[in-house]
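Notes follow once the structure below has been shown.
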2 protein chains.
Amino acid sequence: MMKDFECTQESYAREVLREKGLKSTTQRLAVVHILHISEKSLSIGEIHGGVKDMLGNTGLATIYRTLEMFEDLGIVKRLHFPDGGHGYAFSQGEHVHHMVCVDCRGVFDFSECPAENFDYASVEKQGFRVKDHFIQLFGQCGKCVEAA
Amino acid sequence: MMKDFECTQESYAREVLREKGLKSTTQRLAVVHILHISEKSLSIGEIHGGVKDMLGNTGLATIYRTLEMFEDLGIVKRLHFPDGGHGYAFSQGEHVHHMVCVDCRGVFDFSECPAENFDYASVEKQGFRVKDHFIQLFGQCGKCVEAA
DNA sequence: GTAACTGCAAAAAATTTGCACACTG
DNA sequence: CAGTGTGCAAATTTTTTGCAGTTAC
């Protein structure tokens, strides 16, 4: 039984999965759904909890396997927090970076990439060939600024 | 017995520790030394191994405690790899970002910050107050490009 | 149908903690 | 010497794995 949670994010995920010959299982779509309705990045445990609320028993291992796969597929992005923890956020493949609120772990996208106009020539002079970059802004979101 | 490994990095660490009223123990200085002489970022296990080679028995817990503290003090930086792992590199407090070779995990600094000229106005319009950022470039270093 | 997935429970890896002893300042 | 820091071993947490049974396509 494969539920359909209807929404852009979910059809996007279905699409990516189909293209790769992977199955759109209930569990996988539920993970997308949980991340999609969340304003903030979620830990593995939170995702697991959310999926269990939706589907009943679900193995934690499935969540791990799903997230790893989604990260490879560009469906989710893993975020790192200053305290060493990490979380996941839905990320529709496009080149998007994230601002993370260090108080509530809320996630906000920004599409202008600070590295876009960066002159890689200086670093490539050392022979280094840049292939990708990871950028994440930290700060406080509007709500948390007010609450402080 | 507190050994002295003489070098800029080590005296820098001593200095930071003294300022905070923390002790410059042999183990802490050894961690600095190991990271300093390494061309690449090191995992906790590698650092532990290196320190044990220098000093004999050393508890893994000490390494964890030291690295956490060093990260707070800005003496080391934790780096994240695409495969989900992470490592540590010496980082002398200044605003420096790192390029990481995905093959050998080598670390190269670059001081020009791509975010320097970034217009935060656009994101701050949403009420977000940017406090810090994490930037890391991925790619291949000269050696690994040749080896490929 | 059948290959890809899942749940479960167990195993392995990573990190933290408590406490008696040791070392720095 | 006083209090910070360490080693050790145990506890906890996090992540991975194997496999019999399901499910999407």
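Naming: A, B, ... by sequence-line order, numbering from 1 per chain.
Note: CG (L29(A)) to P (dT23(D)) measures 15 Å, nearest angstrom. Going from atom CG of L55(A) over to atom C1' of dA24(D) covers 15 Å, rounded to whole Å. With rounding to whole Å, Q27(A) atom CD is found 9 Å from dT23(D) atom C1'. Between the CZ atom of R14(B) and the C1' atom of dG25(C) there is a distance of 12 Å, given to the nearest Å. Following rounding to the nearest Å, H48(A) (NE2) and dT14(D) (C1') show an atom-to-atom distance of 13 Å. Put simply, CG on N57(A) is 13 Å from C1' on dA9(C), counting in whole angstrom units.
Across its full length, the helix from dG1(C)-dC25(D) to dG25(C)-dC1(D) shows an angle of 50° between the axes of its 5 terminal pairs at either end, rounded to 10 degrees.
Listed by chain and number, the residues in a side chain to side chain donor-acceptor pair (under 3.5 Å) with R105(A) are D83(A) (sequence neighbours excluded). Looking at residues two or more places apart in sequence or on another chain, you find no ring pair (Phe, Tyr, Trp, His ring centres under 6.0 Å) involving H36(B). Listed by chain and number, the residues in a side-chain contact (heavy atoms from CB on, under 4.5 Å) with C113(A) are H95(A), H97(A), A115(A), E116(A), H133(A), I135(A) (sequence neighbours excluded). With sequence neighbours excluded, the residues satisfying side chain to side chain donor-acceptor pair (under 3.5 Å) with E46(A) are K40(A), S43(A). The side chain to side chain donor-acceptor pair (under 3.5 Å) search around H80(A) returns H80(B), not counting sequence neighbours. Not a single ring pair (Phe, Tyr, Trp, His ring centres under 6.0 Å) links Y88(A) to another residue, sequence neighbours left out. For D53(A), the side chain to side chain donor-acceptor pair (under 3.5 Å) criterion is met by no residue, not counting sequence neighbours.
Not one N or O on the side chain of S38(B) forms a donor-acceptor pair closer than 3.5 Å with the backbone of L35(B).
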When you compare the protein's N or O atoms with those of nucleotides 2-4 of chain C, which come within less than 3.5 Å of each other, and at what distance?
{"unit_1": "dA3(C)", "atom_1": "N3", "unit_2": "K23(A)", "atom_2": "NZ", "d": "3.3"}
{"unit_1": "dA4(C)", "atom_1": "O4'", "unit_2": "K23(A)", "atom_2": "NZ", "d": "3.2"}

Using a cutoff of under 3.5 Å, can you pull out all pairs of nitrogen or oxygen atoms linking the protein to nucleotides 11-13 of chain D, with atom names and distances?
none

Could you give the side-chain donor-acceptor pairs of residues 58-74 of chain A under 3.5 Å, partners two or more places apart or in another chain?
{"unit_1": "T58(A)", "atom_1": "OG1", "unit_2": "G56(A)", "atom_2": "O", "d": "2.9"}
{"unit_1": "T66(A)", "atom_1": "OG1", "unit_2": "T62(A)", "atom_2": "O", "d": "2.7"}

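Using a 4.0 Å cutoff on non-hydrogen atoms, the parts of residues 58-89 of chain B near DNA chain C are L60(B), A61(B), Y64(B), R65(B), H86(B), ordered by number.
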